[in-house]
Amino acid sequence: EAQVTQNPRYLITVTGKKLTVTCSQNMNHEYMSWYRQDPGLGLRQIYYSMNVEVTDKGDVPEGYKVSRKEKRNFPLILESPSPNQTSLYFCASSFGDPRTQSTSPLHFGNGTRLTVT
Amino acid sequence: QQPVQSPQAVILREGEDAVINCSSSKALYSVHWYRQKHGEAPVFLMILLKGGEQKGHDKISASFNEKKQQSSLYLTASQLSYSGTYFCGTVQDSNYQLIWGAGTKLIIKP
């Protein structure tokens with residue numbers, strides 16, 4: 001089954017304790033992206049990647065890191081989480097650039113709800 | 001720069017029609033529509049490109065008026081399964097950024 005898999009689904013941690021949220025897709029998609037979703041703000045892009053070893057900042061990259069060493073994986077790293085990073089996180093992928101290609105919709109993972117205390 | 005969606009929320013009876021609007025202050029290249037059910041991932045509905053596109057499948061359709069910098073999503077004869085939050089994403093002509101609206105919550109009652 002074609003899917004984007006995120007782990008974990010729920011994560012509670014303390015301020016400053018490094019964590020990684022994994023994201024993997026099995027559709028051979030070029031484009032991958034991380035979003036955070038907060039009430040009233042919709043989806044805000046954190047980082048995106050057009051291909052292996054190519055990553056770019058989105059709208060809210062501060063406090064986050066990503067890497068794209070393999071095409072299928074795009075982990076999100078919080079080196080020193082803070083309470084303002086408490087949010088619902090989504091990983092998404094698409095075949096091409098969804099901004100310019102109408103045939104490249106985003107496929108989203110099921111989300112990771114992160115709480116930082 | 002975030003597109004404005006209206007209404008913020010709407011409650012309908014099964015079988016009624018709904019219109020959700022998405023407006024931008026910037027010139028747009030495309031508009032994306034997704035639906036998210038509670039606790040689930042957003043799911044793709046359609047992408048409309050500038051050129052005055054209209055698209056639709058089943059009873060869900062959308063239009064894109066690039067002059068007015070706005071798009072509308074039409075849900076006709078709504079079903080219980082249409083409940084959820086609808087998000088529009090707009091891609092600006094100037095920088096090709098994909099920016100999302102805050103969402104419109106649609107509740108369908110039997």
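Reminder, nothing fancy here: chain letters follow the sequence lines and each chain counts from 1. As a basis for the values below, the full set of heavy atoms in this structure was taken, side chains included, without hydrogen atoms, waters or symmetry mates. Remember, it's a predicted structure, so these values are computed and weren't measured experimentally.
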Structural part of B/Gln2 lying under 4.5 Å from a heavy atom of chain A: side chain
Closest non-hydrogen atom pair, A/Asp59 against B/Gln97: OD1-NE2, 2.8 Å
Over all atoms of both residues, closest heavy-atom pair of B/His32 and A/Pro98: CE1-O, 2.9 Å
Greatest number of heavy atom pairs closer than 4.5 Å to chain A - which of B/Glu40, B/Gln36, B/Met46, B/Gln8: B/Gln36
Closest contact, heavy atoms only, A/Gly42 versus B/Phe87: CA-CE2, 4.0 Å
Region of B/Ile99 in contact with chain A, defined by heavy-atom distances below 4.5 Å: side chain
Proximity of residues 3-21 of chain A to chain B, residues having a non-hydrogen atom under 4.5 angstrom: A/Arg9
Residue, of B/Gly89, B/Gly103, B/Ala41, that accumulates the most heavy atom pairs under 4.5 Å with chain A: B/Ala41
Pairwise distance CG(A/Asp97) to CG(B/Leu98) - rounded to 0.5 angstrom: 9.0 Å
CD-OG1 distance between A/Gln37 and B/Thr85, expressed to the nearest 0.5 angstrom: 8.0 Å
Cluster overlap A/Phe90 with A/Ile46, hydrophobic side-chain contacts below 4.5 Å: no
Over 12 foreign heavy atoms within 6.0 Å of CZ, A/Phe95: no
B/Lys68 atom NZ, neighbour heavy-atom count above 12 within 6.0 Å: no
ILVMFWY network linking B/Leu80 to B/Leu75, side-chain heavy atoms under 4.5 angstrom: yes
Residue B/Lys105 excluded, over 12 heavy atoms near NZ under 6.0 Å: no
Partner chain A: residue of B/Tyr96, B/Tyr29, B/Tyr34 with the largest heavy-atom pair count (under 4.5 Å): B/Tyr34
Residue pairs involving residues 45-69 of chain A (criterion ring-ring contact (aromatic ring centres under 6.0 Å, His included); sequence neighbours excluded): A/Tyr31-A/Tyr48, A/Tyr64-A/Tyr89
Cluster overlap A/Tyr35 with A/Val66, hydrophobic side-chain contacts below 4.5 Å: no
A/Leu106 with A/Leu88, same ILVMFWY side-chain cluster at under 4.5 Å: yes
Shared hydrophobic cluster, A/Phe108 / A/Val60 (ILVMFWY, side-chain heavy atoms < 4.5 Å): no
Crowding at CZ, A/Arg44 (>12 non-hydrogen neighbours, <6.0 Å): yes
Separation between CD of A/Gln101 and CG of B/Leu49, rounded to the nearest 0.5 Å: 10.5 Å
Exercise: identify the closest heavy-atom pair between B/Trp100 and A/Leu43: CD1-O, 3.3 Å
